[in-house]
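The structure appears below as structure tokens.
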Protein chains: 2
Amino acid sequence: MPAKRSESKPLETAADTKPKAADRIRSTARELFYREGIRAIGVEEIVSRAGVTKPSLYRSYASKDELAAEYLRDYELAFWQVFEAGKETYPDDARAQLMAYLEGLAQRATQIGYRGCGLTNAVVEYPGDDHPARKVAEEHKRKFRERLVQLSTAMGAKQPDTLADGLLLLLEGTYASGQMFGPKGPASSLVKVAEQLIDASMR
Amino acid sequence: MPAKRSESKPLETAADTKPKAADRIRSTARELFYREGIRAIGVEEIVSRAGVTKPSLYRSYASKDELAAEYLRDYELAFWQVFEAGKETYPDDARAQLMAYLEGLAQRATQIGYRGCGLTNAVVEYPGDDHPARKVAEEHKRKFRERLVQLSTAMGAKQPDTLADGLLLLLEGTYASGQMFGPKGPASSLVKVAEQLIDASMR
DNA sequence: TGACAATGTTACCGATCGGTACGTAGCATT
DNA sequence: AATGCTACGTACCGATCGGTAACATTGTCA
């Protein structure tokens with residue numbers, strides 16, 4: 001008997017040893033939910049594209065809504081990785097860190113087929129505050145706003161809260177307008193505008 | 001014989017004399033589509049809340065998609081009325097006109113239950129560019145951007161296109177973040193941030 | 001080898017989706 | 001009174017929605 005636990009639950013390895021099907025479902029759902037929207041994609045299309053069947057989905061995820069929430073949790077993780085990527089490149093330079101993300105975002109948001117922020121899109125798709133996916137999104141945005149206040153403070157803004165709000169508005173505006181306008185959209189002015197706003201927040 | 005036309009089409013009055021059912025459907029659809037989202041609302045719920053039946057809907061509108069497009073056309077009309085309301089209050093003062101809209105928007109976007117811009121929401125709901133509702137929304141946003149360039153030019157900005165883009169980003173950001181954050185959201189900083197950005201665009 | 005748990009599959013459920021065929025009530029003109 | 005036209009309602013269509021019961025297969029231990 002392995003020296004783990006004497007309980008009758010041998011499920012401990014199942015928590016980290018992910019079944020192959022669940023992962024395929026996860027990644028397929030992520031791609032389809034993001035590209036087409038959550039409401040637009042049925043579970044049948046997810047499992048068929050993932051090469052599995054519906055019961056496999058419902059053994060790993062309680063419902064489509066929960067799968068959507070899980071998708072957003074994955075999305076959030078990936079977001080923070082991209083957003084904080086500048087930390088290593090420019091340590092001790094909050095402004096450079098932020099601008100690095102803004103430059104990358106401006107690039108992506110002016111590509112054709114850009115779909116904005118998956119978390120923001122979920123909020124638009126589910127106005128009622130009872131949906132699990134929306135809760136994930138709202139909680140993330142709250143954290144994101146706090147992070148922008150941190151960065152604004154580190155940049156030496158006179159009113160960090162106001163600058164953080166301004167940056168958040170610009171970012172959300174980029175997510176949204178990036179999917180309405182083509183490559184020559186307003187997102188192409190993001191960096192210049194952000195520079196102006198940050199400069200104006202300094203003196 | 002009335003001195004109209006000798007043709008065999010007595011449908012001329014039908015074009016302006018709207019049937020009552022179509023109007024009820026229109027206003028009901030507008031409210032439900034905006035509050036809950038287009039994909040979230042079925043035609044059955046529209047007609048039942050309007051007190052009519054489905055065939056009445058499909059006699060006036062070719063499809064649900066077309067009804068959604070019509071809803072956005074109505075929405076756009078109402079939008080321009082609100083946006084251009086400052087024209088009468090502050091003629092020959094582009095900045096005051098714009099700020100009047102921004103102040104009103106900041107108020108609305110910090111109310112609980114705010115749902116953002118119906119046109120932007122439609123773009124998020126329908127990523128494919130073939131949906132009639134999305135076409136209405138995209139066309140409107142293009143016109144809106146041009147209008148912001150006009151206003152930025154009239155304000156005397158050094159780079160009117162850049163200021164217009166910055167304002168558009170702030171506005172779209174307000175529409176989006178207004179429905180994620182509560183009353184104390186980033187939209188409450190819209191006016192202050194916009195002032196900073198406009199000032200910075202002048203010298 | 002054999003027991004067991006996890007993951008796989010086939011086939012189906014009731015509900016709801018957008019959309020329509022068909023009958024009828026009201027009202028004008030003849 | 002009969003006709004033609006418009007507007008509306010009843011009842012229904014096939015397709016798809018999210019979700020599940022029952023069974024087969026596989027891998028991993030003793």
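Note on naming: letters A, B, ... go to the chains in the order of the sequence lines (proteins, then strands), and numbering restarts at 1 for each one.
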Problem set entry | Whole angstrom value for the distance that separates C1' of C/dC17 from CD1 of B/Ile38 | 16 Å

Exercise. Taking the side chain from A/Tyr126 and the backbone from A/Pro132, do they hold a donor-acceptor pair closer than 3.5 Å?
Worked result: no

Exercise. So, is A/Tyr58 near the phosphate of D/dG19, with a side-chain N or O under 4.0 Å from OP1 or OP2?
Worked result: yes

Exercise. What's the CZ-C1' distance between B/Arg24 and D/dC8, to the nearest Å?
Worked result: 13 Å

Problem set entry | Gap between atoms CD and C1', on B/Glu44 and C/dG18 respectively (whole Å) | 11 Å

Exercise. Nearest-Å distance, CG (B/Leu57) to P (D/dA7)?
Worked result: 15 Å

For this session: Using a cut-off of strictly less than 4.0 Å, decide whether A/Thr53 has a side-chain nitrogen or oxygen near OP1 or OP2 of C/dT9.
Result: yes

Seminar exercise, completed: Closest of D/dG9, C/dT10, C/dG18 to the B/Val52 side chain is D/dG9

Problem set entry | Gap between atoms CG and P, on A/Leu67 and D/dG19 respectively (whole Å) | 10 Å

Exercise. Just by modelled atom types, is the B/Arg35 backbone N or O under 3.5 Å from a matching donor or acceptor in the B/Arg115 side chain?
Worked result: yes

For this session: Starting from C1' on D/dG18, measure out to CD on A/Glu45 and report it in whole angstrom.
Result: 14 Å

Problem set entry | Heavy-atom donor-acceptor pair, A/Tyr34 side chain to A/Gly116 backbone, under 3.5 Å | yes

For this session: Measure from the side-chain heavy atoms of A/Pro55 and tell me the nearest of C/dT7, C/dT10, D/dC8.
Result: C/dT10

Seminar exercise, completed: Rounded to whole Å, NE2 of A/His131 lies from P of D/dG18 at a distance of 11 Å

Exercise. When you check the phosphate oxygens OP1 and OP2 of D/dG9, does a side-chain N or O of B/Ser56 lie under 4.0 Å from one of them?
Worked result: yes

Exercise. Judged by atom type as modelled, is there a donor-acceptor pair below 3.5 Å linking the side chain of B/Thr110 to the main-chain atoms of B/Gln107?
Worked result: yes

Exercise. Ignoring hydrogens and angles, are the base of C/dT16 and the side chain of B/Arg39 linked by a donor-acceptor pair under 3.5 Å?
Worked result: no

Exercise. Base, sugar-phosphate, or nothing: which does A/Ile41 touch, judged by heavy atoms less than 4.0 Å apart?
Worked result: sugar-phosphate

For this session: Taking only the side-chain heavy atoms of B/Arg59 (C-beta and beyond), determine which of D/dC8, C/dT9, D/dG18 contains the nearest atom.
Result: D/dC8

Exercise. Where is the tightest heavy-atom contact between A/Ile38 and A/Phe33, given as atom of each residue plus distance?
Worked result: CA-CD2, 3.6 Å

For this session: Check every atom of D/dC8, D/dC17, C/dG18 against the side chain of B/Lys64 and return the nucleotide holding the closest atom.
Result: C/dG18

Seminar exercise, completed: B/Lys54 NZ to C/dC22 C1', in whole Å, measures 15 Å

